[in-house]
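Below: the structure, in structure tokens.
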Amino acid sequence: QRNLEGYVGFANLPNQVYRKSVKRGFEFTLMVVGESGLGKSTLINSLFLTELYSKDYPGPSQRIKKTVQVEQSKVLIKEGGVQLTLTIVDTPGFGDAVDNSNCWQPVINYIDSKCEDFLNAESRVNRRMMPDNRVHCCLYFIAPSGHGLKPLDIEFMKRLHDKVNVIPLIAKADTLTPEECQQFKKQIMKEIQEHKIKIYEFPDSEDDEDSKVIRKIKERMPLAVVGSNVVIEVNGKKVRGRQYPWGVAEVENGEHCDFTILRNMLIRTHMQDLKDVTNNVHYENYRSRKLAAVTCNGVDATKTKGQLTKADSVYPVSRSPLAQMEEERREHVTKMKKMETEMEQVFEMKVKEKKQKLKDSEAELERRHEQMKKNLDAQYKELEEKRKQYEEEKVSWEAQQRILEQQKLDASK
Amino acid sequence: MQIFCVQQFSGFQQNTCASTVNNAYIFKQDINVRPLSMSGHVGFDSLPDQLVSRSTSQGFCFNILCIGETGIGKSTLMDTLFNTNFENSQSTHFEPKVKLRAQTYQLQESSVQLKLTVVNTVGFGDQMNKEDSYQHVVNYIDAQFESYLQEELKIKRCLHNYHDTRVHACLYFIAPTGHSLKSLDLVTMKKLDSKVNIIPVIAKADTISKSELHKFKIKIMSELVSNGVQIYQFPIDDENVAKINTTMNSHLPFAVVGSTEEVKIGNKMVKARQYPWGVVQVENESHCDFVKLREMLICVNMEDLREQTHKRHYELYRRCKLEDMGFTDTDAENKPLSLQETYETKRQEFLFELQKREEEMRQMFVQRVKEKETELKDAERELQGKFEHLKRLHQEERMKLDEKKTMLEDEMSGFSRRKLAAELLQAQAFTGSMNIKKDKDRKK
């Protein structure tokens, strides 16, 4: 760690990043989920101070839906030189049917399909500028019953909490008194914890000021909101609110509802973090599940279809499928080498055996040949002896005979 | 309903500067994206600040590669640029091969953290045969791309925490001969221009006079153009910096002087080199282009250098690598291939190849066994033949022996017959004489 004396200039890097990001422009996709009539469209309009749906672009509220749809609207808004392409994803028909089992499925399909688009774009050989259409935040509207979460709420959040950043909101909070609201919030948080639902968590900040603010927000979760774009005059001030005979519920009054907190958090301070968590956590989860299913050895990829099975946890997933193939290839090379050495060894051994046998029979035959030769030689010698003896005998006998003959001759004289 | 983005290539010629491809991304507005106006301040204009704050807390990372002959002043320039002593020992001229030495430092300037990696080429241009000099550099650059690619392809990856070692800028140090580029320079830069942002600098510029320098710069730039070397051009697509970048582009290559020693000028201590004939002040713009280099490299375009490395050079590497491995975006019938299909096909091919190799090896062994068997059988037969032959010889010998035996026996039996006959005769003669004697005796 070195602190520099004298000017270098990279302290200007943040400005360079700022400049480039403004030039690029920003994108954000916000999804709203909840039963009809909970004020979703109104809240969007209030958040962005605009009329998202109009005569030319009628919103889902104007239409009666029989099945759950997922509809997206893309708008371009500019402020202070910053361009934001905002995509609002609405889910008309959610929770409105008599039988709502599986009404979350179209939502899940939508989110997954956007992740899949991104994955495919990211995996292409020729990659171009990849638009980010992934859902960065899902506002879930809870009906202000005052009691607790409905089974549908719990089911939905349980299924979506590891796919998208879920921010639960209490809709139409102006029907609850502060005490009821407090009670309701406590009950909801308790149930959320019981069911181990992971809602979007604000990251801790090193800054003390920010930490205080964040802690305050966390205490008020889930946020209770009221939406309105109607401007009413209260005590000489022009405010946005809802006019009742008994008073005006002000949208931006912190004592009336948590709208300001939501707006500040969602747009002014944590929009980037919502995108980061979507990219680094939710998308990566989707991606690793998808890729693990594709490249599992010996497991039929089409069967698992993106669901992580127990077998997957055995295989190392901390490397790319290509690296895995490379590893397999190397293993195979080692295996082949081993096979080759083994076969070579067996081969050599057999050859040695055979050669030894050959040598042995050669030696054996040599030996026998020697034996027979010796035998033959002995016999020859024997014969020689015999002959010699015979010759000697013959010679001596013949000599004897000659003497006898001579004697006889002498005697007859 | 997607934003349709078009890459627009604009080439331009500026005086004698080399032309370069400049990527500008234009958003073409889809008809389904409609502009909306707001009735008040929403607050998303803080988005760039949110982004900056996140980037700053993560820390930034920058990697510079310095290529130049030994002793040309690479380390000194780095020390001067970053106002710190990077502890580089002097290298010898006798390195057998070009080596790359990378060192990482954590720097901080007013709450901005920078992880700087300086890569030096050791022994560049020292060898007798410099043919391989650039290869080590290319290998290093490719290795960093490969490392990033591998991380990007992992199933469980950690890209936002990854220490990016890809080379963002390459300072190429040109020797201040005053004449022209050396052939090694041209060859090296040509090999590198599609892999890294090349910023050529004239080193030790205090050995060239102003007029010589002007001619030298023109010569260098024209040589680069005529050899098709694409050096890094400071971007002019952003209005905020277009003007200054355009001006600076016309001063390329920067003639720099480095020094960490300080000399007192007036009442200030400045970085300078003291000669008997005067003092060369590093940060004096009329003495050399050091300040311009620092301005361009660090203050204005550092982020763009990083972006170009990632968007252009890395993508090119990645595309080539994947294409080499046989990946395409469309299959044989030109329909787009999904990721799954691509991987599965690759996998099938791969397994098939492995099996084939195994088969081949087995076959080879079977062949060898057959051959050896034949060989041994031949040897066996030869041996048999030899012994058959010996056996025959033996039999012949035996027959001869038997013949001789029979002969002897015949002789011996003949002899004994003679003997017998002779003895019989003698015996007869003897008994005859005995009889006569007996008769004689009786007659008496």
Side-chain angles (χ1 to χ4, degrees), chain A residues 1-4 6 8-14 16-23 26 48-50 74-77 79-80 82 84 120 123-126 129 131 267-268 272 280 288 291-292 294-295 317-323 325 332 343 351 354 362 365 369 372 376 379 383 387 390 394, chain B residues 1-3 5 25 32-36 38-40 42-48 50-52 54-56 60 82-84 106-110 112 114 153-156 160 238 240 294 298-299 302-303 319 322 327 329 339-340 343 350 354 365 372 376 383 387 390 394 397 401 408 412 415:
Chain A
Q1 177 73 43
R2 293 149 193 269
N3 260 313
L4 305 164
V8 176
F10 62 81
N12 206 34
L13 257 177
Q16 298 179 32
V17 173
Y18 187 101
R19 186 171 28 97
K20 278 193 178 283
S21 71
V22 169
K23 189 153 194 300
F26 295 86
F48 292 98
L49 290 175
T50 183
K74 261 198 206 291
V75 294
L76 180 65
I77 42 181
E79 189 174 46
V82 176
L84 174 63
N120 281 337
S123 311
R124 285 172 64 88
V125 174
N126 279 303
M129 185 86 161
I267 300 176
R268 297 185 184 178
Q272 184 61 41
N280 299 340
S288 48
L291 289 184
V294 165
T295 60
V317 286
S318 60
R319 53 164 161 239
S320 72
L322 293 174
M325 277 204 267
H332 190 257
M343 285 210 233
V351 165
K354 258 266 159 80
E362 188 174 1
L365 289 175
H369 169 73
M372 289 208 274
L376 217 61
Q379 289 194 343
L383 192 66
R387 180 167 278 274
Y390 158 74
K394 192 165 116 181
Chain B
M1 288 187 272
Q2 295 196 346
I3 301 179
C5 303
Y25 295 93
N32 286 324
V33 181
R34 54 185 215 271
L36 267 190
M38 300 157 303
S39 58
V42 174
F44 61 83
D45 54 351
S46 67
L47 267 174
Q50 295 180 38
L51 180 64
V52 164
R54 183 210 68 184
S55 305
T56 313
F60 298 91
F82 290 99
N83 254 329
T84 175
Q106 191 72 34
L107 305 173
Q108 181 171 335
E109 187 177 41
S110 76
V112 176
L114 179 69
L153 291 178
K154 277 190 192 168
I155 295 183
K156 272 210 165 64
H160 59 277
D238 187 345
N240 293 322
R294 184 175 61 194
I298 301 178
C299 303
M302 199 180 231
E303 183 60 24
R319 188 168 66 234
L322 291 182
F327 282 93
D329 284 328
L339 181 68
Q340 247 163 309
Y343 274 135
F350 172 68
L354 291 185
F365 259 100
K372 213 39 188 255
L376 288 174
L383 191 68
F387 281 104
L390 282 176
H394 197 88
E397 283 291 317
L401 180 71
L408 179 67
M412 276 177 73
F415 173 65

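Residue numbers start from 1 in every chain, and the chains themselves are labelled A, B, ... in the order their sequence lines are given, proteins ahead of strands.
- In this structure, A:Q272 and B:Q50 approach most closely via the heavy-atom pair N-OE1, 2.9 Å.
- Per-residue heavy-atom pair counts under 4.5 Å with chain A were compared for B:S55, B:P48, B:S39, and the maximum is reached by B:P48.
- The contact between B:R319 and chain A is made by backbone and side chain atoms together, counting heavy-atom distances below 4.5 Å.
- Heavy atoms of A:F26 lying under 4.5 Å from chain B belong exclusively to its side chain.
- With hydrogens and angles disregarded, a donor-acceptor distance shorter than 3.5 Å links the side chain of A:E79 to the backbone of B:V42.
- In this structure, the portion of B:L383 lying under 4.5 Å from any heavy atom of chain A is its side chain and not its backbone.
- Between chain B and the residues A:V22, A:V351, A:I267, A:N12, the largest count of heavy-atom pairs under 4.5 Å involves A:I267.
- Contact of A:V75 with chain B is made through backbone and side chain together, with heavy-atom distances under 4.5 Å.
- Here the closest non-hydrogen pair linking A:P14 and B:V112 is CG-CG2, 3.8 Å.
- Panel note: side chain B:S46, backbone A:R268; a donor-acceptor pair is recorded below 3.5 Å.
- Residue A:K20 places its NZ atom among more than 12 non-hydrogen atoms of other residues, nucleotides or ligands, all under 6.0 Å distant.
- Less than 6.0 angstrom separates the ring centroid of B:F415 from the ring centroid of A:Y390.
- Counting heavy-atom pairs closer than 4.5 Å to chain A, the top residue among B:L47, B:L376, B:L390 is B:L47.
- With a 4.5 angstrom heavy-atom cutoff, B:F387 touches chain A only via side-chain atoms.
- Residues B:I298 and A:F10 approach most closely at CG2-N, 3.3 Å, considering heavy atoms.
- The contact between B:T56 and chain A is made entirely by side chain atoms (from C-beta outward), counting heavy-atom distances below 4.5 Å.
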